[in-house]
**Student:** 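The structure that follows is given in the form of structure tokens.
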Amino acid sequence: MKKRVAVLISGRGSNLQALLDADQDAYEIVLVVSNVPDAPGLERARAAGVEAIALDHKPYGKNREAFERDLDALLVERKIEIVALAGFMRVLTPYFVNAWKGRLVNIHPSLLPKYPGVSTHARALEAGDSEHGCTVHLVVEEVDSGEILGQAKMDIRADDTAETLAERVLTLEHELYPRCLADFARSL
Ligand code: GRF
């Protein structure tokens, strides 16, 4: 049986697109939720015939858990088995992370455990690294530090900038995420 997947986004949704375009033989994306109402990724979902819902976090103010409770209710209602974060720009509270423990995955644009958090490409350059890449991992309470499900690497070139690195890493992400999500779905 294919695992029912929800993808959470906040923006462009190019990783969502890669997950939609891949051969979904182990998973099926049945729901896309964005906390940003005009995220372009919502249109990508609709174009693929997938239910797309905007759940704006702003009306919840500082009450992150109230937002997450409504999000959780939606996921449970749609019988979601795996939640895939793809450019979802909200830090999740322990409440949500624990509710979805072992079924919540993320893609991060660095070779974790190097460079959790933001500005990963600039930090790899500043450190003089010779290689860089991306990681698919399980989400735990501590940001960007759960079990690693897969990584893709590439060499950093002498003339690379943060922008060129971001562009090449993104291409790797689009190949890595569908593969890792499929393997993960089969392992459950
Ligand atoms: C990607 O670089 C991903 O690794 C990071 O956020 C970005 C999302 O891009 N978590 P997109 O919305 O999938 O195009």
Side-chain angles (χ1 to χ4, degrees), residues 5-22 24 27 29-48 50-57 68 71 82-93 96-97 100 103-126 129 131-154 156 160-184:
V5 172
V7 182
L8 307 188
I9 62 166
S10 300
R12 159 181 78 174
S14 71
N15 277 289
L16 164 67
Q17 190 71 59
L19 293 171
L20 288 167
D21 290 346
Q24 297 182 39
Y27 66 85
I29 297 173
V30 295
L31 177 67
V32 173
V33 181
S34 172
N35 67 308
V36 177
D38 62 355
L42 285 171
E43 274 317 306
R44 296 182 189 260
R46 291 186 188 115
V50 174
E51 184 181 17
I53 294 179
L55 183 64
D56 190 351
H57 64 271
E68 291 176 357
L71 175 59
I82 299 171
V83 177
L85 307 181
F88 184 67
M89 303 306 284
R90 300 286 293 170
V91 172
L92 295 163
T93 72
F96 189 89
V97 171
W100 289 91
R103 297 175 300 152
L104 182 58
V105 301
N106 182 42
I107 186 154
H108 183 74
S110 80
L111 294 171
L112 291 173
K114 280 190 162 185
Y115 317 127
V118 297
S119 307
T120 56
H121 310 300
R123 285 154 73 198
L125 277 182
E126 274 160 27
D129 290 356
E131 59 178 19
H132 188 40
C134 50
T135 304
V136 174
H137 64 96
L138 287 178
V139 176
V140 294
E141 282 184 32
E142 199 184 329
V143 172
D144 298 329
S145 57
E147 181 190 334
I148 290 174
L149 300 177
Q151 289 188 314
K153 291 182 190 180
M154 61 182 211
I156 294 183
D160 265 322
T161 62
E163 289 70 35
T164 61
L165 278 186
E167 201 177 305
R168 293 216 308 293
V169 168
L170 195 62
T171 308
L172 291 183
E173 292 182 36
H174 296 162
E175 189 272 327
L176 181 72
Y177 209 177
R179 187 157 52 79
C180 288
L181 184 61
D183 288 348
F184 180 63

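We count ligands from 1, going down the list as the structure has it; atoms in each ligand are counted the same way.
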**Student:** A86 versus ligand 1: do any nitrogen or oxygen atoms come within less than 3.5 Å of each other?
**Tutor:**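 No: no nitrogen or oxygen of A86 is under 3.5 Å from one in ligand 1.
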**Student:** Taking both backbone and side-chain atoms of R12, is any N or O found less than 3.5 Å from an N or O belonging to ligand 1?
**Tutor:**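 So ligand 1 has an N or O lying under 3.5 Å from an N or O of R12.
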**Student:** Within ligand 1, which atoms have a heavy atom of P109 less than 4.0 Å away?
**Tutor:**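 Near P109, meaning under 4.0 Å from one of its heavy atoms, ligand 1 has 4 (O).
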**Student:** What residue and heavy atom of the protein are closest to atom 10 (N) of ligand 1, and at what distance?
**Tutor:**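 Closest protein heavy atom to atom 10 (N) of ligand 1: I107 O, 3.1 Å.
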**Student:** Are any of the N/O atoms on G13, whether in the backbone or the side chain, positioned under 3.5 angstrom from an N/O atom of ligand 1?
**Tutor:**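 Yes, G13 has an N/O under 3.5 Å of an N/O on ligand 1.
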**Student:** Just so I know, are the side chains of P178 and Y27 near enough to count as touching, which here means a heavy-atom distance under 4.5 Å?
**Tutor:**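 Yes, at least one pair of side-chain atoms sits under 4.5 Å.
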**Student:** I'd like to know if E126 pairs up with R123 as an ion pair, taking the criterion as any Lys NZ or Arg NE/NH1/NH2 lying under 4.0 Å from an Asp or Glu carboxylate oxygen.
**Tutor:**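 Looking at E126 and R123, the cut-off is not met.
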**Student:** Do D144 and H137 have side chains that get closer than 4.5 Å, going by heavy atoms?
**Tutor:**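 In contact.
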**Student:** Checking a contact table here: which protein heavy atom is nearest atom 13 (O) of ligand 1, and how many Å away?
**Tutor:**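 Scanning the protein heavy atoms, the shortest distance from atom 13 (O) of ligand 1 goes to N15 N, 2.8 Å.
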**Student:** Would you check if V139 and V105 make a side-chain contact, meaning some heavy-atom pair closer than 4.5 Å?
**Tutor:**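 They are not in side-chain contact.
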**Student:** Given side chains that start at C-beta, do those of D129 and K114 come closer than 4.5 Å, heavy atoms only?
**Tutor:**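 Result yes, sub-4.5 Å side-chain heavy-atom pair found.
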**Student:** Count the heavy atoms belonging to other residues, nucleotides or ligands that lie under 6.0 Å from CE of M154, then report whether that count exceeds 12.
**Tutor:**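 Yes, the 6.0 Å shell around CE holds more than 12 heavy atoms from other groups.
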**Student:** For atom 1 (C) of ligand 1, grab the closest protein heavy atom and report residue, atom and distance to one decimal in Å.
**Tutor:**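 For atom 1 (C) of ligand 1, the nearest protein heavy atom is E173 OE1, 3.1 Å.
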**Student:** Nearest heavy atom to atom 8 (C) of ligand 1: which of G41, S10, G87, P40 does it belong to?
**Tutor:**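 Considering heavy atoms of G41, S10, G87, P40, the nearest to atom 8 (C) of ligand 1 sits in G87.
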**Student:** Is there a polar contact, in the sense of an N or O pair closer than 3.5 Å, between S14 and ligand 1?
**Tutor:**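 Yes: some nitrogen or oxygen of S14 is under 3.5 Å from one in ligand 1.
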**Student:** Are L165 and I156 side-chain neighbours, meaning at least one heavy-atom pair lies under 4.5 Å?
**Tutor:**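 The answer is yes; the side chains approach within 4.5 Å.
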**Student:** Work out whether the distance between some heavy atom of I9 and some atom of ligand 1 is less than 4.0 Å.
**Tutor:**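 Distance cut 4.0 Å: I9 fails for ligand 1.
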